[in-house]
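Would you mind keeping the following structure in view while I ask a few things?
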Amino acid sequence: NTKSKLKEIFEKNQGSEKAILLNEDLNEIKEISAKSLGSVLARTRDKPFAVIIDGTATNTIIRNAENVEVRVIVASNFTTTDTRIELMSF
């Protein structure tokens, strides 16, 4: 199921300082540095379904994710939970 697949990818990504953008089939679109995620989301043409972050989902990341219609963010921590995106942490 979706949740267990997201958990598996999240756990593999731990300690990498990377962010992974996934499509609706939960296949990887792109893997990037977690630090550059906010700016990558601001200019991506892809419409990622989910974003998996090794680290914290900041306000900037969450806002930019909303703008490209991300549905799920998986991260260790969230600086805000005021979003329509589904937030998950494992």
Salt bridge (charged side-chain N to carboxylate O under 4.0 Å, His left out) pairs touching residues 35-45, sequence neighbours excluded, are E17-K35

Residues in salt bridge (Lys or Arg N to Asp or Glu O under 4.0 Å) with E66, at least two apart?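 Per chain and number, E66 pairs via salt bridge (Lys or Arg N to Asp or Glu O under 4.0 Å) with R63.
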
Side chains of K18 and D54: does their closest heavy-atom pair fall under 4.5 Å? no

Holding to salt bridge (Lys or Arg N to Asp or Glu O under 4.0 Å), I want the full list of residues that pass it with E8, two or more places apart in sequence or in another chain. K12

Closest non-hydrogen atom pair between A75 and S89, with its separation: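 Smallest interatomic distance, heavy atoms only, reads O-OG, 2.9 Å.
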
Test F49 against every option in L21, V70, L26, N27 by the side chain to side chain contact (heavy atoms under 4.5 Å, CB included) rule and name the one that passes.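 Among L21, V70, L26, N27, the one meeting side chain to side chain contact (heavy atoms under 4.5 Å, CB included) with F49 is L26.
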
N59 and side chain to side chain contact (heavy atoms under 4.5 Å, CB included): which partner among T79, N64, T83?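 So the option named by the test is T79.
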
Would you mind reporting whether S76 and Q14 have side-chain heavy atoms less than 4.5 Å apart? yes

K30 side chain reached by D46 side chain, heavy atoms, under 4.5 Å: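 Yes, close enough: below the 4.5 Å cut-off.
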
Determine, using the 4.5 Å side-chain heavy-atom cutoff (strictly less than), whether L6 and I20 are members of one ILVMFWY cluster. yes

Determine whether I53 and I9 fall in the same hydrophobic cluster, where Ile, Leu, Val, Met, Phe, Trp and Tyr are linked whenever their side-chain heavy atoms lie under 4.5 Å apart. no

Could you walk me through whether K3 and M88 satisfy the side chain to side chain contact (heavy atoms under 4.5 Å, CB included) test, starting with their C-alpha distance in whole Å, then the side-chain angles of each, then the deciding distance to 0.1 Å, before giving a yes or no? CA-CA 9 Å; K3 193 169 183 174; M88 290 184 190; 4.3 Å; yes

CD of E11 to CG of N13: how many Å apart, nearest 0.5 Å? 11.0 Å

Say you draw a straight line from CG of N23 to NZ of K47; how long is it, rounded to the nearest 0.5 Å? 14.5 Å

Measure the spacing between CD1 of I32 and OG1 of T44 and express it to the nearest 0.5 Å. 8.5 Å

Under 4.5 Å between any side-chain heavy atoms of L22 and I29, yes or no? no

For A19 and L37 the tightest heavy-atom approach is CB-CD2, 3.9 Å

About how many Å separate CD1 of I62 and CZ of R84, when rounded to the nearest 0.5 Å?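 One gets 12.0 Å once the value is rounded to the nearest 0.5 Å.
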
Hey, are the side chains of I73 and F78 touching, using non-hydrogen atoms and a 4.5 Å cut-off?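 Contact flag for I73/F78 side chains = yes.
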
Would you kindly confirm whether V51 and F90 end up in one hydrophobic cluster when ILVMFWY residues are joined by side chain heavy atoms under 4.5 Å apart? no

